[in-house]
Structure formats: C-alpha cells, structure tokens
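These numbers come from the heavy atoms of this one structure, side chains and all, not from hydrogens, waters or symmetry mates. Proteins come first, then strands; the chains are lettered A, B, ... in the order of their sequence lines, and each starts at number 1.
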Amino acid sequence: MYDVVDFLLNTQLGLNSPDWVVMLISHLVVVGMLFAVAPLQVLFLTYYERRAIARMQDRVGPNRVGYEGLLQPVADGVKMFTKEDIVPDSADKIVHLLAPIVAAAPVLYMFAVLPWGPNMIAVDLPTGLLFFFAISSISTVGLLMAGWASNNKFALLGAMRAVAQVVSYEIPALLSLLFAVMFAGSMSLMAIVEAQGGLFISTTDVPSVPDLGLGWFVFTPVGFLAFVCFFIAALAEGERTPFDIPEADSEIVAGYMTEYSGMKFAMFYLAQYILNFLLCAITATIFFGGWQGPGVAWLVSQSLSADNPAGNPVYNVLAGMLGTFYLLAKTYMFFFVMVALRGAFPRLRIDQLMNFGWKFLIPLTMINILSAALWIAITRWGTAQGFGIIEFAGEPGNLVRWVIAFAVTLVINVAAYWFLARLNVQDHAARQAALTAGGLAVSPPRSA
Amino acid sequence: MITTDELQINIGPQHPSTHGVFRMLLTVDGETVVHLEPVFGYLHRNHEQLAEVNTYLQNMPYTDRLDYFNSMANNHAYALAVEKLAGIEVPERAEYIRVLMVELTRILNHAGALGFMINDMGAWQTPLAFGIREREKILDLFELVSGARMMCNYFRFGGVVRDIPDEFIPRMKKLMIAMPAYMDELERLLRENEILLARSEGIGILPREVAVSYGVTGPVLRGSGIAYDIRKAEPYSIYDRFDFDVPVGSVGDVYDRFLVRIEEMRQSRRILEQIIEQLPDASGGHINPKARQNVRPPVGDAYARVESPKGELGFYLVSDGGTKPYRYKVRAPSFINLTPLGDMCRGYKVADIVVILGSIDIVMGEVDR
Amino acid sequence: MISAVPLEWVLILASGLFCVGLFGALSRRHAVSMLMGIELMLNAVNINLVAFWRYTQPDEVGGMIFALFVIVVAAAEAAVGLAMAIAIYRTWQTVNVDSVDSLRG
Amino acid sequence: MDLVVQIMFGVTGLLILGAAFMVVSVRNIIHAALWLITCFFGIAMLYLLLQAEFLAIVQILLYIGAVAVLVLFAVMLTRQIDDPDEPVLFQRWRSTLLITAILFAAVLVPTIYNHNWLIFADPQPAFAGPRELGFAFMNAYLLPFQIAAVLLLAALVGAIIIAMEDQEQRRVRVLTLAEEVALRGEREPSPPTRPANPQPASSSSNPTPPPAPEQAGEGA
C-alpha cells in the first residue's frame, strides 16, 4: 500500500509529501477498508449461515427482504437498534453496560494484524500471531463481566462455562500454531503467509520449487495435524457447535447473554461473528496460505515496489484484489464447515469437552511441536548445527531432505494420533463396561 | 476437586427445552445435579372436572387435547372405555381402521420425540426437521381421513366417524415404501454419531426395579429391559391378530430408549403391513349403526387402557346412568413417567437433564390436564 | 519518549504504584484483595525493570528478560495464592484473613 | 512532538494510578478485580510507550488473559462478595496509609531525584523483538529459563494440591440412581456388553410379569 500511495502522491502528482504523510495515508486507507468490510462481513455471515442451514433442513430461509432476502440482516440490525434495552433491576448497571463493549472491542483489534493481500495489512507487527491471541483473550473478561453483572444464575453458569472453555482451549490453539512460527521463523502473519509460496512444497524448504502460491503448510504432516487440532480448538474458542456449550439454548437459555437485549445483545452477536470470521481467516492464513494462490506471485513481481521501481501500480491493485479474493474464498470455505457442523451435530457436554481438550488435543499438539522441530532440523540444519549427515550436495539434496522430513514426521504424527486415540477409546470402553456391569467403583453414600 | 457452594436453579417454567410450561427446581454442585424437583401444574385446565359436566360424546374432542401429538391414541382409549361401559360392539372394518390410525400415530410420535430429543442435545433443528418431515406426511393422511391434522376427533363410540377415502390406502402404501429407508437413516444417525453416543450412553439410567416401582410404562420401561406392552400383556381391540415383537433395552439409559423407539417404529410398520393385507372391504361399515352417540350407559364403572406411544393410557369412567360421566379419570403416561425424573437426573450434569427429560418424551398437556 | 519523559517520571510512577499496592496488601481484609495488592507491587517492579532497560541499556535484552521472569513468578504466585484463598474459604467459610489466625492446619 | 508524548505518558500514568487506587479502595471485590484489569491495561500501554512491544503483548496475554481471569474466577467461586456490615479494611488502615505515604514521599521520591542515573546521552532506538528474546533465552539465560519452567511446574502442582481436599474430607460424589441400586445389591450384574440390537422379546414367549395395572394410578 505504501508503494502505491507513494507512487500516486510523489511520482504522479509530484507533491513531494514527507514520508510520514505517505505512511499515514496508506495506513488510513487500509483501516478504512477494514472498517467498511468488518460489519458488512458480519451482516453477510449471518445471512449466509441462515440460508445454508435452511437448505440443510429443507427450508428456504430468509427470502423476503430485498433480493432473495439479502437485506434481512439489515432489517435485523434495525430491529436490534430500536428494541427496548432491558436492564435487570438487581443487575450491576455499569458492569452490565460495559460487558458487551469489553467483549466486542478486542475482536475488532484482531483485524489489525490480518494480512489481506500482498502488502495489504494494517500493522505488520513482528509479534502478530501472539497479538492476535492476546487480544482475543481480553474478550473472556467481557464474558465474565456479563455473566456476573446480570445477576442471573443461567448467565453466571454460562460465563463460567465460557471462561473455562475458552481458557483451556487457548492452550491447544496456541500450541498448534507454534509450528508455523518455527516454519516461517517469524511471528509476523505476513511472513508466515509469504513462507507458503511454492507448489505443494514450500519454497522456504526447497527454494527451486516453482512459486505458484500453493506451498501451504497444510500439505505437510505437521501442518495437517496442527490444522485439525487448531480448527477444533477454534470451534471451541468461537463457541461454535459442537462446542457451543456456554450459550447452550436448550440448557442454560443463552448463557451469559440471557439478560441482554437490544443493542447490547447485538454487540455480543457482532463480537461472536467477527471472532468466527477471524478464526476462519487465521486458519486460512496459517495453514492454507492466506492470500497465496496461483497468480499472486507473478502479479507481485510485476508490481511497483522499492525493489522494482519500473513496475506498474495497476499490478499492485490487481495483486491485492486477487490476494483478497483468495483469502476470502478460503475463509468462507471454513465458515461453511462451521455452518455445516452447526447444522449437523449436537453439542458435547462440558466435562467431555474438557476431557477431549486436556487428554487428547494438548498431548497431540505437543507431539506435533516435536515433529515440527524434527522437520526444521532435517530440512534446514546443516553441519553447523551438527546435522551434517543429512546434508546432501546439489539442488536435489533439498528435495531429498524434504522427503525424509515428510516421512519421519508422518510416521510420528500418525503413531501419536493412533496411540492417543487408542488410549482414549480404552478409557471410554472401560467406563462403559463398568457402567453396564453395574459394578461401579463408587464412594460410599453420603452421610447426612 | 474444589468444593463449591450449592446453587439452586430454576429451569422453567419458561425455558426452551421443558416441552411446555414445566419447572425443574435444580440444586447443583458446580455442574452436577444434587437434587431435582419436578414442579408441574402450570397448565392445569380442569380436564377431569370438565368432563363430568359434558356428555360422553362432548368429551371426545377434549381427549384430543390431552396428548396433542397423539390425538388418535387418546380417542381410542376413551372410545374403548365408553364402549366397555355401555357395551357397544365395533364392526370389523372399524377396528382395523382404528388400529391403523393408532399405529400411524405411534410412528409419528416416535419420529417427533427423537427429533425433539436430539434438538435438546443441542443439534440446531436439523434432526428435528428429520423427525418433523416424516410426521408431516402422516399428518397429511390424518387430514385426509378426519379433516384435521392434529386434533383429529376421529373416533366415535362403535367405530370411526367416517370411512377412509379411496385414495388413502394407495397414499399410505407409497408412504410405507419410503418408511424403512427413513428409519434406517434415523438409526444410522443415532448409532454412528460419536457425539450422540457420548451424550446418550450411560445417561439417565433407570434400573428395572426402580422403573417397576415407579409404575413407569411405555418405551421408558421397555428401555429398562422389561418387555411389558399392553398390546401383548392384555390385548385389546384386535391386537391379538397381528404378529409383532416388543423391543427391550438392556441398560435403561437414554440410548436404549432411542433404540427402543426406533425398533417400535419398525414394528408398527409391520403391523400396518398386516392391516393393509387383512383390511375388510367397506361392506362391514365403518361404525356400528346401532350405537347411539348420545350414549347413556348403565350404572357401573369401566377402565380401559391402551398402549399409547408414550405408555399406558387409561380412562376410568363411572356412570350413574345419565348422559354425563359421574367420574372421569385419566391415567396419563406422561405424568407417571415424569415422576422418576428427579431420581434419574441425580448425579448427572446440568446438560444431561434436558436430554433425560427429552428421552422420557412428555407432553405437558397430558401431565397437567 | 526518551527525550520527552525523563526516567525519574517513570520511576516515580512505578514507586507510586508500588506504594498503592503495598497499602492494598497490608490493609485489605479479603485474601484475594491482598493478592491483588501484591500483583500491583510486582507490576511496579516490572515497570522499573523495563524503564531501566529502555533508558540505560536499550541494546541488550536483559531488562526485558527479567521482566518476563517476574511475570512468570507472578503467574505462579497468583495460582498458588488463589488456591490458598480457596483452601482457606473451604476450611473457614470465609476469606477474611483477620478471622484466619489460628495455627491449626 | 515532545508534548504529545508527555501528555500520553501523563494520561497513562493517571490511568494506572487511578485504577490502582480503585483496586485497593472499592468495596465490591469484583469491581476491584475489574479495576485491576484496567490497571494492567494501563501498564501495557506504558510498555508500548517504552517501546517494549513484546512485553506489552505478554502483559495482556498473561496478566489480563490469565491472572485477572483467574482472580475473577476465584472470587466468583468463593462468592462472599458483599457483606455490607463488615469493613473492607483492617482497623489499623490509617497507620498503614501513613507508612506507605511516608515511604513514597520521604524515601522513594528523594532517592529517585538525588541519584545520578547513568543514562546514555544519545541512546539508539531500542528493539528487542521475539527473535532477540528467543536468542537470549536459548543462550545467555538458558538456566534461568529452565528454572522458571520448573517453578511454573511446581506452582501448578502446588496449586492443585492445595486446592484439592483431603481424601477423607472430600464431599462424597452424588450417586446416580443406577449406582445406588448397584450399591444396594438389588440388581445382579447385567451382561457387560450391550447387544447390537435391542432384542425383540419373542411374541410367543411369556413376557415378564407386568407391573400391577394402576387404576387411577397417581392417587388423585
């Protein structure tokens, strides 16, 4: 973005603006785009979800307001705005008011580090990935505030569930993303995306691979396992079915949102859908190459930049558009998976969720980190790090090392999955046998 | 691990998954249920007292409103009780039509019950849509014969109010061809879904002795492993002519009640097949022409019970020789099946109680009357 | 920053925070409140560490590393302290540290 | 430009100190915890002003996301939130206030002003990103890093042990109906495996004796 603005202002218009003006304008453009896009995304997501689920259920879904019901979310928004805002008499008024804000504001901050296309990012923080999850953990506080301030037992229970779930699933989510940091050698989301060029084999591992923007991390065994773990954890973080336990409508009405109405409720709704969108986007970014795709690399190479002053700024715009298209396509694909899951599955119980997270997901992600380290060692290290044995001469050497790494990590990951799955199944079977046998090991009855 | 304070929670009277206006007074320790007290009566509308100031026939539409899912079964039980009291014969064809309607009712009730129950587990309406879809097809048939979809009011003393139309049997045959696939689909959904298994296996166990001592009937009792079905134990109407099995569970948990319901749908379909084969032609008439609808039974009392989809549904009538019942009493299966709820939920998690409640399959219209 | 705000200002801010935290830790009766006071004090220390790092040795990472270690210790302290608060609450049914003065286990 | 930075510093400082003061003075402990979060947030802002980006993010992730949430959780678990009769502070809070005020005004501030800090006259722009920190952790500070890990592990185990009750004192688990029946021995163990299908009881075999028909069952 900087290059294009610089080109327009200084080269074309000849304004000779100072550096910080160009920087400010380029940032403002990105921020403006984000603020235009984010609410529209939410509007569209709700419509998309309702139509998709309706199709799964032999219904039509909203189709009255506007063409094919496209304006239905707008109508809902108007309804939310004009609804009476009910605050329970015994609620803690100020905390009750602040809770939706605290829940929604951090989620918007998360847009700041999301790369939309080549050089299209609001702030390219060197700690982008950490920032993303640090900020998202603030909204937990909002949930607790909502649950406590409503002075409602359903709300309190929902908030407790929400916090327990979100806090314990943050661990596998972050652990499963660590591999990307190791692969790309950076926590910047831009660098992680840029490391995913190539054709099934990332150019960071084997530089001679043609760069078609398809060297996604998910094509490695490490990345694939991490993707599965992360997506499950993301479902729990975003409170989506089958982990929508904090707002289980059939048990605790609406969880922490029970006592909210009107705009405050809409804020929670907004926060949740933006969070879901962002989790899908981060899945696409880290595992599926983000804006990488066939053609982007070529457009970038033709475009104007500091290295290539002869480039045409039209290509900058085209590359940005193509990258954004790829990112959104991938994001919507994952959002569709979320929607399909919601349409198909019942929800788990809170203890089953915790068991799954702590006994299955976390060990699996830890083993995955080990595989990631092995991958790095086999593909990147040389004599300097004491790995001279696998250093092959010549260009095919990198490919051979890649194949070795692929095989080793595949074996480790499959074995880990198999072992853990078997452990958990045995555990389950033992409990079921105890159940049906009627011979339960139980503590003695409670003395009054 | 950490001792927490016990917390009292009211689930209901207005709650998404209490299937009506029903309250569960819950004492929880963390998420574990320590005590549960079912509180009902919010929907009481004086059904039994009302029946004593109406004539016998006027009561027939009221019985529709008991268990509004299964108006045909309610009609059947009430008609049987009055026929027993007044000594009315029922023609052959009418008996067949009655059983046909009641078995269709069983299928639609179980389909709906399973759908609602999975909905309580948190599936977002898709399984419910599965159940409702099949129910709608059967309701179309009901509309064809009685003009109403839910409150059919189809039975009369000595038969049914009108004969089935000509297109009924072909349409039903078409429906029955599709039925096995549907049932298999539903069973696959239950058997092969990991989450459904996790949420239903070992949950809400009702041991057989406890089930018997509470007087529980219907799929809940059979899920606990007791093959008690009034159609077998004390065959009424023409059930002794049909060949069908009574499915039973082994553990008595929610999962067993699932499987029992599905198997019962299959057995109902078996009965329907036999009915279609054996159905007498229209010459026998669909109602006993000698039976007066403004019935004035002799002094005495009668109790008639049927195996309604939810369990044993009985009507107890006392006549003083007048046109109105002197005493009218309903043994509602939903009510009796609901009584062990508190015991069944103890020790499980909050999330389980709605599933257990769903697996009992209650209709509040019947519980509160 | 470094030319606009002298080091002393940051240090005074940190020492003020430390004193407020100390007051809280010493005078509040609720066990969790005391813990919050201690957290404030630890944060004041952290501010100091970061300020010294920034103003005196910005080319090394030592100050940051120390601050990170303090955060680790604070997290551990919070976990143990809260567990103790819960244990106290379970035994005495109160978290008022005044009424928890007996030495019986 | 200097003035802007000074104003930002002033606002941040006021936020930190004001929030800290609210933490120690408000009655409602949940509100105190929320003010604590505000204070932590202010400190993260201060770190950003001091160009310690990584530390600011860690501050948010650990202090707000973990410690503060843990505090809120613990407060909600103990549930003794508001007892209007009980004073919030100790009897001797005035003397405590005096001591801390003297400490601040007479000891800390004069010391800070009188000491000659060795500040570089023209310091280079600081940068300690994750890469530099990672190298430091893996080279110079490897031992402290591992000790910190052990400390965390010990704290984890310790917290679990402290919060866990003694085995005898532990409240007995609520028994489910099936467990109760099994315990009373009224029920012989049923087959350990579930049959693949619910077995249809053959129509010819005599069914289990039915429960007594309940006429007017529920005793109106």
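- Neither the backbone nor the side chain of A:L341 comes within contact range of chain B, judged by heavy atoms closer than 4.5 Å.
- Between A:P346 and B:I195, the shortest heavy-atom distance links the atoms O-CG2, 3.6 Å.
- Only the side chain of A:I350 has a heavy atom closer than 4.5 Å to any heavy atom of chain B.
- Contact annotation for B:A129: only side-chain heavy atoms (C-beta onward) come within less than 4.5 Å of a heavy atom of chain A.
- The minimum heavy-atom distance linking A:R347 with B:R199 is given by the pair O-NH1, 2.7 Å.
- Annotation: A:F224, atom CZ; neighbour count of heavy atoms from other residues, nucleotides and ligands within 6.0 Å does not exceed 12.
- B:R133 contributes atom CZ, which lies 6.0 Å from atom CG of A:D58 (distance to the nearest 0.5 angstrom).
- Of all the heavy atoms in A:F154 and B:N10, the pair that sits closest is CZ-O, 3.2 Å.
- Side-chain contact check for A:R349 versus B:V355: every heavy-atom pair is 4.5 Å or farther apart.
- Minimum heavy-atom separation, B:T126 to A:A344: OG1-N, 4.5 Å.
- The environment of CZ in A:R55 is sparse: at most 12 heavy-atom neighbours from other residues, nucleotides or ligands sit within 6.0 Å.
- Here A:L156 contributes atom CG and B:I9 contributes atom CD1; the two are 8.5 Å apart, rounded to the nearest 0.5 Å.
- Pairing each heavy atom of B:A351 with each of A:R161, the nearest pair is N-NH2, 4.2 Å.
- Annotation for A:F336: atom CZ does not count as buried by contact number, only 12 or fewer foreign heavy atoms lying within 6.0 Å.
- Residue-environment remark: OH (A:Y417) stays at or below the threshold of 12 foreign heavy atoms within 6.0 Å.
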